[in-house]
Structure formats: structure tokens, C-alpha cells
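These notes are about the structure you will find just below.
Model, not experiment: these values are computed from the prediction. Atoms within a ligand are numbered from 1 in the order they appear, just like the ligands themselves.
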Amino acid sequence: MKSGRGVWGLIATVAAFVGLLVVFGLTIFAFRANVERWARRDLLTQAELTAENLREPLATEDYRRLGEIARQLAEKEMMLRVRSTRGGWIFKSDYRGRTVEESAPCGEFTVSVGLSTSRVHKPFYDALGGFVLSALVGVLAMGVVFFTFYRQWVRINELNRLERFRRDFIADFSHELKTPLTGILGAVDLLSDSVLTALIRKEATRLNELATSMLELARLERAGNGLKLEMANIEDILLEVRTRFMSVAESNGIAIDCANGLELAPAMDKWVLLDREQIARAVSNLVENAILHSGGTRLTLAAQFDDKELLISVADDGVGIPATERKRIFERFYRVERSRTTPGSGLGLAIARSIARLHGGDLTYVPVEPHGSRFLLSLTIR
Ligand code: ADP
């Protein structure tokens, strides 16, 4: 497959160069033909003029005058021939070599004026050097451009292939990891409770959650448009998330406030076409983060609509995220240094952002004054 593509690339390159050479050859040929045409036009004018001048000397057989005109033409490197229409030469300049000639009638005679072919084509040969050079530079430049594009194209293909491999590998690996982990968790449940079994259960559960998150992110990245869209009430989704986290929030000393923002939205607008399960998952990740990492006392969930967007906001009054870390928090496995002691895999925000992007939106961070964080999940309304 890969070498096949390489062969086609080579054929395309050779074809492009042959094409360029043909165009170049035809251009030179046309240029040369034009130079000769211009020369012939001048020669014809000169022949007509000479015929006019020779009319009288020929009629009176004034050969001295004819010789003078021939000499004048010779000074311009032109040759003169005069032929009788009844046949036979009357006058012929002493000139050897190939010439380009044009003739004009003059009574019973035909007057021809000629110029050596090397003289006719001189402007062409004078210009040819520069012409060939600029054409070569042009071909070379095109070659470089073509080669650069080709290399970029090969690189992009390779990166896409690696990205596909990475996604598939993570998905397969996490999937395979889950089976033995479920076995371990099942086996631990059969053992009598002790400090050791509690530790094994805790670590195995963490590992299982990590595998689930990795699998989920890989599936989301692979999903493309594979969302299960349905008409859902956004207020219901947010209230459901609040209920789910109510007791954990309470034990962490943080209150979840859900009313204000939602009351701003007109009832009709609360129904939106989206993947209900995924959006609940994204909002849950943000709420869980505020509970585990913010250290705040108040968490506010709100939803707002504008023309084309539904904005879901999860804000807290906690420590916030330092400016230097804000760019990186959406990367997979990235965790802010001080959060290393709290549970988490560093995948929550990456998952939430993937879900937002699959909905034609995004997830962004806005700092809250004087302290705290606001995560904005924007979704395109369909
Ligand atoms: P994790 O699994 O660690 O929660 P995330 O991708 O969800 O991973 O978050 C990345 C990091 O961003 C977290 O480790 C935490 O340090 C920081 N973070 C996320 N939300 C908040 C928040 N509301 N307040 C303070 N820090 C946060």
C-alpha cells in the first residue's frame, strides 16, 4: 500500500517534469518562429522599397545605380537578387550560406532581399541563454515546491496513521485491562475485610476507573459523529448531576447552587437536541473537579442560551488554576502539581472537551475574581 503510493508519487513527479519540459520546448519553438516572422516582415518592406528604387535604373539599364543600391544593402548585411520574369538572373549579390528571403515585383523583374539565417535568428540566440536560465530556475523552484508539498503530505499521512494507531492501542489496551481488574475486584470481595484487602480494593478501583476513562476518551476520539442525539431538558440534566454529587459535595464542605442561571433561561428553550448521557458525563467531570480540586465552599451550575449556543457554566470560589497551567489542563493526563494528592487521572477535562467538540462546541476556562474557576461548556444548538 505504502510502496504503491510511493510509485504513484514518483510517476506524478516524472510526469510533471516531462510536462514542464514539453511546455518549455514548445515555448522556445514558438519564440524562434516568431523571431523569423518579424524578420520576414521587415525584409518584405525592404524588398518593396528596393523594387521601387530599382524601377527606373532597371528600365534604363543603369547598372551602376543597381550596384550602388546593392552596396548600400550589403552594409546592412543584406543581399540583393534581381531576376527577370522571363527567366535568368540579372543581378546576384556575392553571398554564400543560407538566407531568409522576401521578394517584390518590379515591372518585368522580381527583386529579392535576403538576410543570412544566423543574422535573422540572432535576437533569438541572444535571448536564449537568459530564457533557459530563468526556465531552469522556474523548473527547479517548482520541483522544490512540489517536493516540499509531497513531503508534507507523506508526513501528515504518517501522523494520521500514528494517531489512529495510538487511539486503537489505548482503546484495546484499556479494554483488555478491564477484564482482569474486574476479576481482582470480585476476588477481593470474597476475602475477609482487612487493611490489606481495603488497600487492594482501593487501588484496583482506581486502576479500573483509569481504564474506563482511557477507553471512554479513545471511543470519543474515534466516534466522529457517533452521538446518540435526543431532545433533552437541560435543566433536568443539571439537576440530576447535582443530586448525584450532593452528598460528596457536602462531605467536602462545598454547596451546589443550581437555581440562578437556570431561571434566566425561558422554559421553552430548555429542550435541546444533544447526547444526554455524554453531556451529563461532561458536566459531572466539571462538578467532580470543583469538589475535589477547588477547595471552595460554593459551586454554581448555570445554563444560558444565546442565538446559536447553549452555554453551561460550572463555577466555584476555590483556589483557581494558575495562569501558567491554564493552557495545559485540557491535555490528557495533565494534572496541576498541587492536585497530585487528590484522586484523579488527568483525563476528566480532556473527556469533557471531546464531548463538547463532538457537539460542535468547546470547553474553555475563565478565571473568577477574586478567586475561583469557571468552566464554560458551549454547545451548538441544532
Ligand atoms: P483529574 O482527573 O485530575 O480531575 P482533569 O483533567 O479533570 O483531571 O483536571 C486536570 C487538572 O486541572 C486537575 O488535576 C486539577 O489540578 C485542575 N482542576 C480542574 N478543575 C479545577 C478546579 N475547579 N479548581 C482547581 N483546579 C482544577
>> Contact between ligand 1 and Gly318 is defined here as a heavy atom of the residue under 4.0 Å from a ligand atom; is it met?
In response: no
>> I'd like to know whether ligand 1 has Asp316 as a neighbour, heavy-atom separation below 4.0 Å.
In response: yes
> Just how far is it from atom CZ of Arg242 to atom CG of Asp257, taken to the nearest 0.5 Å?
Replying inline: 7.5 Å
Per-atom contacts, ligand 1 versus [X] - under 4.0 Å to a heavy atom:
X	value
Val336	14 (O), 16 (O), 17 (C)
Arg335	3 (O), 14 (O)
Tyr334	10 (C), 11 (C)
Asn289	4 (O), 5 (P), 7 (O), 9 (O), 19 (C), 20 (N)
Ile321	18 (N), 21 (C), 25 (C), 26 (N), 27 (C)
Phe375	20 (N), 23 (N)
Gly346	1 (P), 2 (O), 3 (O), 6 (O), 8 (O)

> Hey, does the Lys NZ or Arg CZ of Arg326 hover above the aromatic six-ring of Tyr365, less than 6.0 Å from the centre and inside 45° of the axis?
Replying inline: no
>> Does only the side chain of Ser294 get under 4.0 Å from ligand 1, or the backbone, or both, or neither? Count heavy atoms.
In response: both
> Under 3.5 Å, N or O to N or O, is Ala350 touching ligand 1 that way?
Replying inline: no
> Using 4.0 Å as the upper bound for N to carboxylate O, is an ion pair formed by Asp316 and Arg298?
Replying inline: no
>> As a check for students: among Gly348, Ser213, Gly320, Ser345, identify the option with a heavy atom nearest to atom 2 (O) of ligand 1.
In response: Ser345
> Between Tyr125 and His121, what is the ring plane arrangement, given parallel below 30°, perpendicular above 60°, and tilted in between?
Replying inline: perpendicular
>> Over 60° means perpendicular and under 30° means parallel, so tell me whether Phe131 and Phe31 are parallel, tilted or perpendicular.
In response: tilted
> After noting the C-alpha distance and the side-chain angles of Glu77 and Lys122, does the key distance pass the salt bridge (Lys or Arg N to Asp or Glu O under 4.0 Å) rule?
Replying inline: CA-CA 13 Å; Glu77 292 182 45; Lys122 193 170 180 304; over 6 Å; no
>> Surrounding CZ of Arg206 (heavy atoms of other residues, nucleotides or ligands, distance under 6.0 Å), is the total greater than 12?
In response: no
>> With no hydrogens and no angle check, just 3.5 Å: does a side-chain donor-acceptor pair link Arg164 and Asn160?
In response: no
